[in-house]
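The structure appears right after this line, and notes come after that.
Side chains are part of it too, since the values below use all heavy atoms of this structure and drop only hydrogens, waters and symmetry mates. Remember, it's 1-based here, ligands and their atoms both numbered in the order they're listed. Residue numbers run from 1 in the order of the sequence given.
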Amino acid sequence: MEDTTNVRATVTGIGVCSGIKAGRVYHVTAPIEEPAPGLRLSPREDYDKAAARIAQASDKVQANLEQAAQRATLESTREMLEATATMAADPTLVADAQRRVREDHLVPERAVWEAAHEVTEQFTALGGYFAERTTDIRDIRDRIIASLTGLLAPGLPASDEPYVLVAPDLAPSLAATLDENLVLAIVTDGAGPTSHTAIIANAKGIPAVVAARGATELLAPGSIALVNGSSGIVVNNPTPEELEAALKQSDVVRTFSGEGATKDGHRVQILANVGDPASAAEAAAAGAEGVGLFRTEFCFLDRETAPSVEEQVAEYAAVFAHFPGKKVVIRTLDSGADKPLPFLTFDDEENPALGVRGYRTAERSPELLDQQLQAIATAARANSSTDVWVMAPMISTVDETSAFVASCEKHSLNTAGVMIEVPSAALLSGHILATAKFASIGTNDLTQYAMAADRLMGVLANFSDPWQPAVLQLISATCQGALLHSRPVGVCGEAAANPALALVLVGLGVTSLSMSPRAIPEVATALAAVDLEKCRDLARIAVASPTAADARHAVRDALPELTALGL
Ligand code: PEP
Ligand code: MG
């Protein structure tokens, strides 16, 4: 492989968590290979000394794991590392491996491999809790062998210096143990915008670029990488000027406390997605103009029975209270498929994503919807200054729309709308919005259904991309239908949180953008940097592109404004 350590080059992927970071590249280390069977020490070697090396390596592994546990900021990670450290300290494995060195004269690494094999066989036979521990034993085995042979321990690099982590992809278990104080940024060849890597990077606030083909080859361990988690551009060995300029941009602390608008003053509401009273508080602190999506599932998940109306009133009122005088769009229960509920979801569906989910559950349990609307209406009355809008998830027909709007009106909830998440609803929006007062596009599901790609399947990540021109055409169709009745159309899927894509959405006619509070300052900054006409140009470019990658690249190329802002 060509040595790229000192070569300046760029690789582009999909930015999934914004932020600019530069640091030394470390790769996820490869798994340890099995030492050849029968590999023996020569008769001249000191067997006791060789056996002692195993104990030393085990002590070192334990100490490293304990240090990593102390550094971990997440409680769950610390506990996991402490448990592995305790297992590494167990003398049984070491004693057995040492015996194999002294009696069978195996080289220490082969002796450790065989001793660990015996333990894992026993644990597998015992089943249950013990069988689950075999992964840890193999992990400890590999760490001891790595220490004995001078290799890097598999998995995350053992570095005390903060670094840029580069990998083909990250296993969920590995991604979960990432320490945000050590990992400056993540770059992966594979994975996609909805992958585990992307979700965890976002949760931990680590700038990340996924689907950057060729990254592991180009970004050699030891080189310096400059990672832009918004644009998806990664520069290998940037010039000192590039570094300085980029890091200056990353020092800019963006805040938002006002009204979202393009440079020429075209208003676009910047709203937040919230899931409970705590995230509503976070959204209010981030300066959100209101809530564009209040997911109510938190009230219903992990329960055997539905919550009472009183319980619901208390939770909804607590969210509304964070937005006096502002708009809160509350979504009725969206259960089924990826959010099953024991008291509502059929458990014999062959294709749950295509089954009774979202608003469709209202047909099976109309009383549940009625109680929820009653709770929303009561909570709204208690916070009379909050402008409460209600919408139903996963509407696909005009009849569903009419039924939902009528149900809302029974409770005097007069601003009733629908989520556009199914292609049929996008194409029928002219009819749907004759009755519904507004639409909110759920781009996560709209992409899933337009592309026929399960949004949770990492291997289908290339399909699950809201830059897909077909998805953009459906958004455009929704906006055109809404125009016929002068109805507002928001976007509350992940697409709204991407600064470049947000501008495309505005150009398509979207009137509000709702996102996780963390994304608000950047999207608002991007919006303020361009005129509406520019957004419309970008929309034309994106919709006319043949592929998602073409759309993304063409739009980025037409947006030097964002590059200048480090977005
Ligand atoms: C969506 O589908 O885009 C959406 C916002 O809803 P959820 O992610 O909750 O399904
Ligand atoms: Mg959805």
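Nearest protein heavy-atom neighbour of atom 9 (O) of ligand 1: R295 NE, 2.8 Å. Nearest non-hydrogen protein atom to atom 6 (O) of ligand 1 is R331 NH1, 3.1 Å. With hydrogens left out, the protein atom closest to atom 3 (O) of ligand 1 is N444 N, 2.7 Å, a heavy atom.
Residue D445 approaches ligand 1 through these ligand atoms, each under 4.0 Å from one of its heavy atoms: 1 (C), 2 (O), 3 (O), 10 (O). Residue C492 has at least one heavy-atom neighbour below 4.0 Å for each of these atoms of ligand 1: 5 (C).
Under 4.0 Å from ligand 1, the heavy atoms of D334 that appear belong solely to its side chain. At a heavy-atom cutoff of 4.0 Å, ligand 1 is contacted by no atom of M394, backbone or side chain. Residue contacts with ligand 1 for M515 are absent, since no atom lies close enough (heavy atoms, distance under 4.0 Å). When heavy-atom distances to ligand 1 are checked against a 4.0 Å cut-off, L293 comes that close only through its side chain, counted from C-beta outward. No part of Q448 comes within 4.0 Å of ligand 1, judged by heavy-atom distances.
Taken to the nearest 0.5 Å, the CG atom of L538 stands 10.0 Å off from the CG atom of L508.
Note: W389 and F438 have tilted aromatic rings, judged against thresholds of 30 and 60 degrees for the angle between ring planes. In this structure, F343 and F300 have tilted ring planes: the angle between them lies in the 30° to 60° band.
H411 has its side chain out of reach of I376: every pair of non-hydrogen atoms, C-beta onward, lies at least 4.5 Å apart. A heavy-atom distance below 4.5 Å is not found between the side chains of N498 and R552.
Remark: side-chain polar atoms of S424 are paired, donor with acceptor, to backbone N or O of S396 under 3.5 angstrom.
Y359 pairs in a side chain to side chain contact (heavy atoms under 4.5 Å, CB included) with only one of the listed residues (E400, M419, M391, R331), which is E400.
The pair R540-E533 meets the salt-bridge criterion, with a side-chain N (NZ, NE, NH1 or NH2) lying under 4.0 Å from an Asp/Glu carboxylate O.
Residue E421 has at least one N or O atom closer than 3.5 Å to an N or O atom of ligand 1.
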